[in-house]
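Report on one structure; see the data block that follows.
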Amino acid sequence: MKRIVKEPEDLTNLLKKTSGSLANFSHKAHSLKILSDIIAQSCPDLPEDAWQVANCRDDLVVIEAKSPVWGQRLQFERNNIAQQLLTQTKGIFSKIEIKVNPYGNRRELKQPETKPLKNMSQSAADHINSVAENAPPGLKEKLLKLAKHVNNNK
């Protein structure tokens, strides 16, 4: 029996064929990258980490600045950026909205609540010391250090 050999299909071709949400995400991400490149070309002196293209809808491009200072700098360049977007996108995007978002895409992670450490009783420390007598040198050192946390506040 002959083995059927198939060429692997390119992922970009698969995304172009589909019409689901994954294809829409891919298309929008690609559009945002193109818009970001256009803005970077029109303002080459702006650092890349000071701003980002947040969204695009209808004829509007939303640009997020990392600080109010960079937001003001983008306001000064607003007309140049809008003109470049208008010419390079053939009139698709003509308006710019500049927002200040100092946190960018980061989220504040909540630290899990830690329980307060309790000191151990004298009997628990005695048991740990007895185990440490027969332990290998590295483990013995750690067990003795642990046993020092005995509760002396009686």
Side-chain angles (χ1 to χ4, degrees), residues 3-58 60-78 80-82 85 93 95-154:
R3 184 174 173 188
I4 300 173
V5 179
K6 289 186 177 180
E7 290 287 321
E9 200 165 342
D10 190 15
L11 183 61
T12 55
N13 292 337
L14 286 174
L15 288 175
K16 287 177 186 175
K17 290 178 188 175
T18 61
S19 61
S21 61
L22 184 61
N24 293 338
F25 289 142
S26 174
H27 179 69
K28 186 147 188 179
H30 184 67
S31 299
L32 292 176
K33 175 70 174 133
I34 290 171
L35 291 173
S36 181
D37 291 342
I38 291 170
I39 294 169
Q41 289 171 1
S42 63
C43 300
D45 57 332
L46 287 174
E48 288 184 22
D49 61 341
W51 61 275
Q52 70 180 3
V53 176
N55 200 0
C56 60
R57 57 183 179 270
D58 301 329
L60 177 72
V61 176
V62 179
I63 302 172
E64 284 185 350
K66 302 293 184 201
S67 70
V69 174
W70 290 114
Q72 189 64 36
R73 177 70 169 84
L74 284 167
Q75 289 288 352
F76 289 136
E77 295 292 332
R78 176 184 224 128
N80 294 338
I81 295 170
L85 285 173
F93 297 107
K95 297 178 186 173
I96 297 176
E97 182 179 338
I98 298 172
K99 294 183 176 183
V100 176
N101 184 3
Y103 298 108
N105 291 341
R106 296 178 300 181
R107 288 187 181 174
E108 298 274 333
L109 295 177
K110 291 183 180 179
Q111 295 294 332
E113 292 184 25
T114 57
K115 295 180 181 177
L117 296 176
K118 297 179 180 176
N119 293 328
M120 69 177 72
S121 66
Q122 183 63 45
S123 62
D126 292 339
H127 287 294
I128 292 175
N129 282 328
S130 65
V131 170
E133 290 175 6
N134 299 327
L139 179 60
K140 181 178 183 175
E141 180 182 321
K142 291 176 184 167
L143 288 172
L144 292 175
K145 185 176 178 182
L146 178 65
K148 288 181 184 178
H149 291 285
V150 68
N151 188 6
N152 292 328
N153 302 334
K154 292 185 179 179

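Residue indices begin at 1 and follow the sequence shown.
- Partners of K145 according to the side-chain contact (heavy atoms from CB on, under 4.5 Å) rule, which considers only residues two or more places apart in sequence or in another chain, do not exist here.
- For K99, the salt bridge (charged side-chain N to carboxylate O under 4.0 Å, His left out) partners are E97, not counting sequence neighbours.
- In this structure, N129 has no side-chain hydrogen bond (donor to acceptor under 3.5 Å, both in side chains) partners at least two apart in sequence or on a different chain.
- Nearest heavy atom pair, residue C56 against residue K28, reads O-NZ, 3.3 Å.
- For A135, the side-chain contact (heavy atoms from CB on, under 4.5 Å) partners two or more places apart in sequence, or in a different chain, are L139, K140, L143.
- Partners of Q75 under the side-chain contact (heavy atoms from CB on, under 4.5 Å) rule, at least two apart in sequence or in another chain, are Q72, R78, I98.
- Distance check: N101 CG to K66 NZ gives 7.0 Å after rounding to the nearest 0.5 Å.
- Considering only residues two or more places apart in sequence or on other chains, A50 meets the side-chain contact (heavy atoms from CB on, under 4.5 Å) condition with P47, W70.
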Kindly indicate, with the supporting measurements, whether the criterion side chain to side chain contact (heavy atoms under 4.5 Å, CB included) is fulfilled by L32 and Q52. CA-CA 9 Å; L32 292 176; Q52 70 180 3; over 6 Å; no
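- Of the inter-residue distances, the one linking L46 atom CG with I39 atom CD1 reads 9.5 Å to the nearest 0.5 angstrom.
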Start with the C-alpha distance between N80 and C43, add both sets of side-chain angles, then the distance that settles side chain to side chain contact (heavy atoms under 4.5 Å, CB included), and finish with yes or no. CA-CA 8 Å; N80 294 338; C43 300; 5.6 Å; no
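- Judged as a salt bridge (charged side-chain N to carboxylate O under 4.0 Å, His left out), and not counting sequence neighbours, D49 has no contacts.
- When every heavy atom of L35 is checked against every heavy atom of V53, the shortest pair comes out as C-CG2, 4.2 Å.
- With rounding to the nearest 0.5 Å, the separation of CD1 in I128 from OG in S123 is 9.5 Å.
- Screening residues 35-47 for side chain to side chain donor-acceptor pair (under 3.5 Å) gives K33-D37, D45-R73 as the qualifying pairs, with residues at least two apart or on separate chains.
- In terms of heavy-atom proximity, F93 sits nearest to D58 at CE2-O, 3.8 Å.
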I would like to know whether V131 and H127 meet side chain to side chain contact (heavy atoms under 4.5 Å, CB included); could you show each step before the answer? CA-CA 6 Å; V131 170; H127 287 294; 5.7 Å; no
